[in-house]
Each structure stands twice: as C-alpha cells, then as structure tokens.
Amino acid sequence: MKTMSVRVRYAPSPTGHLHIGNARTALFNYLFARKNDGSFIVRIEDTDTKRNVKTGIESQLKYLKWLGIDWDESINKDGGYGPYSQLERLDIYEKYAQELLDRGLAYKCYCTKEELKQEREALKERGEDKLHYSRKCLYRTDEPDLPYTIRFKVPKDTYYSFNDMVKGKVTFKSEDVGDWVMVKQNGIPTYNFACAIDDHLMAITHVLRGEDHITNTPKQLMIYNAFNWDKPRFGHMTLIVNEDNKKLSKRDHSIIQFIEQYQTLGYLPDALFNFISLLGWSPKGNKEILSKEQLINLFDDKQLSNSPAKFDQDKLAFINNRYIKKLSDEEAVELCMPHLTKAGLTNTYSEEWIENLVKVFKDRLSFGAEITALYDEFFNQEFTLDDEQETLLKEPGVKETLEVFKRLLEELDEFNANTIKPLINQTGKEANAKGKMLYMPLRVATTAQMHGPDLPKVLALLGKDTVINRLNQMMKAL
RNA sequence: GGCCCGUUGGAGAAAUGGUUAACUCACAUGCCUUUCACGCAUGCACUUAUGGGUUCGAACCCCGUACGGGUCACCA
C-alpha cells in the first residue's frame, strides 16, 4: 500500500490579528505535520471580501512566525499547489460550480435576502425545527436576468459519516442540512465550497480544525461525493472556553485573545507555544514544560481531548514564569525594558539600577509588563502597614532590632547588597534576634511587605536615604 | 426548538473492562537557606454529573435524566 505523505493546512481568514484559537489550530496542524514528516500549508481564505482587513494576512503570518510556526507552502512560498489565497482561485471554483450545475447537482437561486429572511421567520413562527430553504428556485424553469446564488442540491436520505480523529464516528443525515449556498451572488464561493475544492486540489490528507466546524463537515462531504474524490481525515478539536465555559469570543475581555497582545505584554513565544499546546491536548508522561522539539516528538493525535479546554490563566502565568527564569539577565532586561521605559522609570533611575531591579524580580515575573507592578509594590507605594504587619512590629525586642540596624546602616559608606548583608547578621547578634524575628521586622519596616525577594538586594535598590527614613518613621510610631 | 458534542479533585488533565483513579497548577504542612522566595518532601477525588442495565469485575460498554457547550448565514 502506498502511503501518501501527510499534508495539512491552516486556513485563516484575514479578518484581523492572530487569535489564540486560530493559533491553536495552526499549532496542532504544525505539530501533526512535523511529527509525520509532512507538509504544513497556510492557505488564505479571503472569500469574505467585506470582512477582509488590509493588514490581516501580513499580521497572521507575522505572529505565526513569532510563535515559531513556520510553513512549507503559502502565498509567499510556492509548493506547486498554488495559488494559496482563494480570491486568486476564482476561475477554479467557477469551473467546478459549472460542472455541478450541468450535472443537475446544483441550481441557481434567485431569491433575495429579504425573501429568504421572511421565509425563515415564517418557519420559525410555525415552530418548525428545520429552517431550511424551501427549494422554490429548484423548480424554476426560466432563467431570468437577475442576480443569483448557486445552491447545492442536498441528496435525499443520505447519511454522512466520518471517523473523526478526536470524536470517533460522527453521523449527520442529509435531511438535517438544507440546500446551502455554494457560490454567492458576487460570484465568490462560500467557505464550504471553496474549502472542499481546495483541500482536494492541494492534496490535504488531514483536516484538523475547531469543533465549531463539525456541522460544516457534511456539506464538504457532499462535495467530495459529488466529484467522487477521496476524502481527507477530519479531526475536530474541542473549543477553548473561558472561565464561564463559553467559547472564546472576541468581545470577551476576561481573557487576552490575540497573540500580538501577548507579545506586547512580554510573554515569550516558546512559553506561549508550550501553553497553547496544552489546550485540548496532553502529552504522555509527567512533564508539561516542553520545548517545540519535544512537543513535536511527543505529539500524538490520540491524545487530543474531547472535552472543552479551559483557558487557565494561572497556568499560563506559571509556564511563562518558568521560561522567564531561564532567560539570561540581559534577556530579562530586554524583555522588561519597553515597560520600564513606558512607565518613565528609565528617566528616574540609572541603567545599573534598572538592571538590578530586573535581576531581583526576574524569578517572580509572570510576564514582562509585570515588572512595573512589582516596582510599584516595593518602591512606589504609600508606605503604610496593615494589621498583621503592625502586630509584628509591636513584638517585644523589635524596636531594638530596628534601632541597631539603623545605627549600623548610618555608619555604612558603600551602600549595596554585599555590604548590607553582613550588617543584617551583625544586627542579629547585637539585638539578639535571629531567623524570622530578624528578617521579618527589618523587611516590614523598610518595605511594608511580609514577603519579597532577597532583602539586602531590595534595600540596595531602595537606597540608603529611603531605608533610613522609613526606619525612623517606623520607630517613631512604635 | 432540530442536529452534533461534552460532564473525572479548587483548576487543567491522564487512565477507554481488572490492584490504593497518573501528572501539572493552585493551596497546606515540613525540611533547607538565620527571613521570604527558590529547591526538596509530604498532604489534598471514602471516588469519576445522576438513575438504571450488561459483566465475576465499569470512570471506561448500553439506555434514560439533568446540566453545559457548539451549530443551524449570500461568515469563515
């Protein structure tokens, strides 16, 4: 048996920026292709000329590339199956549409949108379950000189079954599908028609897409049947849902939805790639932090989940943090710099100070832009204590500890992390405090925080004057 | 409403007929570093939405119920 080489495609419509759901579709197709030594094709489905955005294609490709998803064939890389954008293939669709017309498998429909709308509403009012087109144009014998659409004549009593890669056997009955529009009045094909033609002509072997396409599958199957073409394997991945279990909609602001935004916020492409790969799929084994190469290696379509994938923001934060930790100090600074600049901190502080800031907080950063929030928390807050912190400072011996520390600091010439650290130890000895009761009071009295990064480093960043002022202020209140 | 799909711990999710239901996040506790964090260790589902059935045996198979979602365009 001759095994055909795997060819899969990602087929975005250029209506906007790369969305997280589309990125997921692209990513799994990519993984599947690479795993099977196949080809990954990006085809532009631009048949909705009204919704096309000028920069759409460019943006889609740009962020795909940013994520590390590279393609073998597309509008800018011919693989012999082009053209790769549907508006450049209109003559192809026209030919096939004409053939279906000639063979009586499709017909022209002269109904106006208004008529169709009324028809549908009437059906709805009568409580009909199926709001299908009445087929009245099927029986027309004249050929008026009016604009028309071409409808596919759905066969009677036919079952459309396919063995879904994710869901298993799925069956639709033809009676549940109305005669659908293949070619619009403007002569441009609809999605279901163009998609089936192109997938066949481009020798696509596997169609991996979102579950929202599952009811489109019977329509596409009708086209394959009509032309007696071999069908690709279909796989419908579960939808990505938000905290409310709703499909991610572009208006939903509880979740950041566009890849571009993640880039802007200082997420790392590898981390995002990793995170997205876990949306509706799970690797064998107990590791979840995986590189692109590891993911390609581990990828198995049998592991595709069939229950919805919840977008877990905590997990994204965790994963991105793991990747940020692996960054060099220089890379971390670079990641944070745009946000520090935007917040005006680069004007206030020296380059060295900024670098130290990033180094100190690198390990707890979930994304680049978070650096300014951490900055505010430690350096730009109103310096007040909560009840828990006050209680701690009122413990016996604390005031003495603070006094000793302040005295030692005042005598210090070189104020940096290396010189501060021994002073903390010395404070412990002189004030007879240790462990938690040494560090906690010092931390609270100087930063108004119970927890934080390495204390000497934080103090060094605060600067001698601020630290001593804060200590004075605290001791006065005790 | 019709059709299609789903339902495992606080969250993600593994396990498709056979011992105590993986793993990850979060949380908690302990150890370590004179603090915190990191790291390491431990704990966290008397049980797989629910009711029946099949079976020696079911999270896994069958039927019903409830709940959730998707889709029913001259959008893709």
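Bear in mind that the values here come from a model prediction, so they are computed numbers and not experimental data. Letters A, B, ... are given to chains in the order of the sequence lines, protein chains preceding strands, and every chain is numbered from 1.
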Report yes if at least one side-chain N or O of A/Lys246 is closer than 4.0 Å to OP1 or OP2 of B/G69; otherwise report no. yes
Would you indicate what A/Gln185 reaches in the nucleic acid, counting non-hydrogen atoms under 4.0 angstrom: base, sugar-phosphate, or nothing? base
Should A/Lys315 be listed as having a side-chain N or O under 4.0 Å from OP1 or OP2 of B/G12? no
Side chain of A/Ser305: nearest nucleotide among B/C75, B/A14, B/C25? B/A14
With the side chain defined as heavy atoms from C-beta on, A/Thr149 is closest, among B/C74, B/C25, B/G12, to B/C74
What is the nucleic acid contact for A/Asp212, judged by heavy atoms within less than 4.0 Å: base, sugar-phosphate only, or nothing? sugar-phosphate
Is A/Lys169 near enough to B/C5 that one of its side-chain N or O atoms lies under 4.0 angstrom from OP1 or OP2? no
On RNA chain B, check which nucleotide each of A/Phe311 and A/His451 is closest to and give me the residue with the more 5' one. A/Phe311
Counting only side-chain N and O atoms of A/Asn245, is one of them less than 4.0 Å from OP1 or OP2 of B/G69? no
Report yes if the distance between the aromatic ring centroids of A/Trp71 and A/Tyr10 is under 6.0 Å, otherwise no. no
Is the shortest side-chain N/O distance from A/Ser282 to OP1 or OP2 of B/A14 below 4.0 Å? yes
Closest of B/C38, B/A37, B/U34 to the A/Arg364 side chain is B/A37
Ignoring backbone atoms, test whether A/Arg120 places a side-chain nitrogen or oxygen under 4.0 Å from the OP1 or OP2 oxygen of B/A73. yes
Taking atom types as modelled, is there a side-chain donor on A/Asn274 or A/Tyr323 under 3.5 Å from an acceptor on the other? yes
Show me the side-chain donor-acceptor pairs of residues 85-94 of chain A shorter than 3.5 Å, one per line, residues at least two apart or across chains.
residue : atom : partner  : partner atom : Å
A/Ser85 : OG   : A/Glu88  : OE2          : 3.0
A/Gln86 : NE2  : A/Glu45  : OE2          : 3.2
A/Gln86 : NE2  : A/Asp198 : OD2          : 2.9
A/Arg89 : NE   : A/Asp198 : OD1          : 2.7
A/Arg89 : NH1  : A/Pro83  : O            : 2.9
A/Arg89 : NH2  : A/Asp198 : OD1          : 3.0
A/Tyr93 : OH   : A/Asp198 : OD1          : 3.1
A/Tyr93 : OH   : A/Asp198 : OD2          : 2.6

Under-4.0 Å side-chain N/O to phosphate OP1/OP2 contact, A/Gln303 with B/A15: yes
Any side-chain N or O of A/Lys247 under 4.0 Å from OP1/OP2 of B/U71? yes
Does OP1 or OP2 of B/C38 have a side-chain N or O of A/Lys362 closer than 4.0 Å? no
Closest to the side chain of A/Lys325, out of B/U7, B/A76, B/G39, is B/G39
How would you label the contact of A/Ser13 with the nucleic acid (heavy atoms, under 4.0 Å): base, sugar-phosphate, or nothing? sugar-phosphate
Do A/Asn192 and A/Asn216 get their side chains close enough for a donor-acceptor pair, meaning under 3.5 Å? yes
Only Watson-Crick and G-U wobble pairs, only distances under 3.5 Å, only runs of 3 or more: what stems does that leave for RNA chain B? B:1-7 with B:66-72, B:10-12 with B:23-25, B:27-31 with B:39-43, B:49-53 with B:61-65
Between A/Tyr107 and the options A/Thr149, A/Leu100, A/Asp179, A/Ile150, the side chain to side chain contact (heavy atoms under 4.5 Å, CB included) test singles out A/Asp179
Option passing side chain to side chain contact (heavy atoms under 4.5 Å, CB included) with A/Trp180 (candidates A/Met222, A/His132, A/Arg151): A/Met222
Using a cut-off of strictly less than 4.0 Å, decide whether A/Thr47 has a side-chain nitrogen or oxygen near OP1 or OP2 of B/A76. yes
NA contact type, A/Lys50, heavy-atom cut-off 4.0 Å: base, sugar-phosphate, or nothing? nothing
Toward the 5' end of RNA chain B, by each residue's nearest nucleotide, A/His132 or A/Asp312: A/Asp312
In this structure, are over 12 heavy atoms from other groups packed under 6.0 Å from A/Lys130 atom NZ? yes
Pick one: which of A/Tyr267, A/Phe275, A/Phe318 meets ring-ring contact (aromatic ring centres under 6.0 Å, His included) with A/Phe367? A/Tyr267
Mind checking if A/Leu239 touches a base, just sugar-phosphate, or nothing, with heavy atoms under 4.0 Å? sugar-phosphate
Proximity to the side chain of A/Pro308 - top-ranked nucleotide from B/G6, B/C3, B/G69: B/G6
